[in-house]
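Report on the structure given below.
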Amino acid sequence: METNVPRQLQFSYDRLKSKNVQHCFLYCALYPEDFKIPKEELIDYWIAEGLVDERASMQATYDGGYSILNRLVNNCLLETADDGRCVKMHDLIREMALYITSMSPLFMVKAGEKLRELPREQEWKENLEKASLMMNDISEIPPNMSPDCPALSTLVLRENAFYKSIPESFFLRMQGLTILDLSYTSIEKLPDSISHLTNLTALLLQYCQRLKLVPCLAKLVCLRNLNLEGTRIIEVPEGMEMLQKLRYLNLFSTYLQKLPTGMLSKLSCVQKLRVYWGSKTSKETVEEASKLSELDTFEAFFERIQDFKIYVKSLGSGGPRLRKYSLTVGSPPLAYKTKHGMSYFCYLFWPEDVDADRNVVFDGNFVAPPKDLQCLALHDCHNVRSLSDVLSNEGEYSDLKEIIRLEVYDCSKIDKIISEEDGRSNTMGFTLTLPTLKILRLLDLPHLSSNGVMVCDSLEQIEVSQCPKLKRLPVSLPLPAIKEIKVEEDWVSIMESKETQNRDDIPTSTSPPLRNEDVRSNSSLNEQGQQVPANQNSGVQGYIFPQGIPFQLPGNCVDGNVSPQKKVSKVLLKGMRYPKLQQWVQSHGFRSGQALMLWKRLYGNNIWAHCIDEMEVIIPCDRGRTTVCVSSQVGCAMNCQFCYTGRQDGFDETSDHD
């Protein structure tokens with residue numbers, strides 16, 4: 001690299017003047033080349049490093065981080081990506097940052113370089129301040145390795161394999177460490193030496209799917225960010241009650257069935273809490289969460305509906321008003337993702353099609369939600385008889401003036417839009433007014449009939465599918481704000497009615513058939529009926545439809561017109577009983593055994609497939625291709641995280657050829 005290019009570009013860097021802002025910019029060089037950096041993740045790093053001042057509220061702290069991001073973008077040092085959700089560095093800008101960090105401050109950046117071994121101990125300089133080895137193929141840390149790096153503040157080892165335990169000696173001479181990121185690795189336990197990193201402010205272990213043991217954290221009194229999401233811990237680490245400076249606590253592990261009573265009440269500074277309330281959760285623990293006075297954002301899954309009711313009731317009796325919350329009762333929505341060749345499930349807490357702060361999902365049963373919610377989803381709730389029941393609170397209307405998204409699917413008992421006792425009658429029949437509703441989805445409601453209408457002047461998107469008794473759109477026309485309507489072919493005449501025929505700006509769509517040859521070629525149809533790679537498939541938000549397995553997509557979207565096609569509706573896989581799912585898989589030409597794999601994909605607990613009898617068949621689909629792996633159980637060193645055999649120990653010497 002010629003130094004004259006970075007020196008010319010360094011003028012923009014020097015103009016920043018603020019040392020903190022300059023260090024924030026250099027932090028971006030820790031990521032691989034051309035990497036799209038999530039803004040919130042980057043700001044979390046900055047906060048933990050002390051580059052962004054922590055203010056009274058979490059929102060104010062993040063506003064400070066976004067202010068720095070905007071300054072870097074305005075100075076042409078960063079570019080926005082992914083519709084503004086991420087930022088990235090231009091190659092030349094990154095070269096400049098690496099040039100600066102090759103001297104002072106000293107960084108060691110070997111991110112995304114396909115390393116198989118950790119850099120030798122001689123490369124870990126005494127004045128090293130930050131090291132990033134993320135997204136490599138490093139499988140172990142040599143025994144007795146102990147780099148002498150007293151100035152090291154950030155160590156990012158995420159997205160490496162690390163099949164074996166980290167040696168006790170590795171962290172002994174890193175006493176200045178403030179950020180340790182081991183997320184998305186295969187470690188099973190952490191060394192006890194982590195217990196003595198007393199300057200640590202962030203310990204990031206999310207989706208270490210084999211991690212079962214975390215050492216005592218009692219001495220980590222400076223810790224502000226602890227993330228254990230997606231791990232296999234069955235109890236909270238010892239000494240948690242001593243972490244009284246914690247601001248962000250993530251204990252979302254489906255293996256963690258209960259929290260110790262009295263622990264949360266001692267963590268009075270927590271501003272963001274994500275937690276899994278399992279079957280052994282106590283009433284006292286739930287009430288403790290509702291009384292955290294500094295809590296700003298709460299994301300929780302309630303396995304039992306009574307725990308949800310306790311929490312909502314506690315909120316209404318003097319608890320703090322949350323700025324953001326996402327509460328799920330029943331089965332947590334999952335997404336299947338791959339990071340650097342490692343496959344894993346992650347949990348979905350927020351709908352991706354709308355920007356909202358207050359979200360509630362009911363899967364299985366419905367009770368009265370908080371009154372200030374913005375997004376409401378009901379899945380498989382058979383104790384609801386009408387849509388107005390959803391919006392009523394034990395006989396009295398809830399004050400749901402802010403609801404912007406409503407999704408109802410597979411609720412077999414719903415037979416009315418509005419019950420007669422809830423609706424207001426006029427010349428249009430019974431009506432229900434939802435002035436702020438923007439997105440409405442009614443899916444797989446076999447008994448829903450058209451006994452009333454909803455007045456939704458702000459409605460932008462509506463989707464109706466598999467509602468055979470619904471004879472007309474359940475909303476009052478015209479719709480002044482409408483942008484998209486998704487219906488089955490039977491509804492084409494409605495789209496061409498007097499109410500809509502003059503609205504050429506309304507995109508409408510029907511569902512075209514997905515042909516067998518499309519499935520075999522691992523591709524599907526986009527909205528214009530063109531072939532697209534399988535990794536561009538889409539499904540109902542919050543549910544995973546395996547790529548390479550047939551399902552119907554909304555398509556043939558044309559402005560103002562709908563071409564009549566064969567009636568084929570979207571198939572909603574989640575919610576099917578297993579025999580029905582097995583029938584559906586066989587009807588599309590697949591073996592019945594693949595229904596079990598699909599079932600595990602939809603409902604599995606962090607694991608796609610397990611050993612089935614004597615043989616295991618895995619079909620991972622990613623990047624537009626399908627790979628079939630038949631495991632003979634003799635061993636494999638590839639460490640595919642969706643594969644049961646690949647996660648076992650003792651096969652490290654097996655070659656890829658074997």
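Below, all heavy atoms of this structure are taken into account, side chains as well, without hydrogens, waters or symmetry copies.
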Handout entry: Basic-acidic side-chain contact under 4.0 Å: R323, D296
Key = yes
Problem - Cationic N near anionic O, under 4.0 Å, K272 to E40 - result: yes
Handout entry: Basic-acidic side-chain contact under 4.0 Å: K114, D137
Key = no
Handout entry: Cation-pi geometry met for K324 and W350 (6.0 Å, 45°)
Key = yes
Practice task
Starting at CD of E140, measure out to OG of S186 and round the result to the nearest 0.5 Å.
Solution key: 13.0 Å
Problem - N-O pairing of R210 and E188 below 4.0 Å - result: yes
Problem - Residues E121 and R173 bridged, charged N to O under 4.0 Å - result: yes
Exercise for the section: Classify the side-chain pair Y184/Q206 by whether it contains a donor and acceptor separated by less than 3.5 Å. Expected result: no
Problem - Distance-only side-chain donor-acceptor flag, N20 / S18, under 3.5 Å - result: no
Handout entry: Pair E49, T154: side-chain N/O donor-acceptor within cut-off below 3.5 Å
Key = yes
Exercise for the section: Kindly determine whether Q257 and S279 satisfy side-chain hydrogen bond (donor to acceptor under 3.5 Å, both in side chains), including the steps that lead there. Expected result: CA-CA 6 Å; Q257 288 295 309; S279 59; 2.8 Å; yes
Handout entry: Residue pair Y276, E303: steps toward the side-chain hydrogen bond (donor to acceptor under 3.5 Å, both in side chains) verdict
Key = CA-CA 8 Å; Y276 177 91; E303 188 171 311; 2.6 Å; yes
Problem - D357 versus Y325, side-chain donor and acceptor atoms under 3.5 Å - result: no
Problem - Donor-acceptor side-chain pairing of Q209 and R232 below 3.5 angstrom - result: no
Exercise for the section: Could you tell me whether R274 sits above the aromatic face of F349, with NZ or CZ closer than 6.0 angstrom to the six-membered ring centre and within 45 degrees of the axis? Expected result: yes
Handout entry: SB check E54 R247 (cutoff 4.0 Å)
Key = yes
Problem - Distance-only polar pair, side chains of Y31 and E41, donor-acceptor under 3.5 Å - result: yes
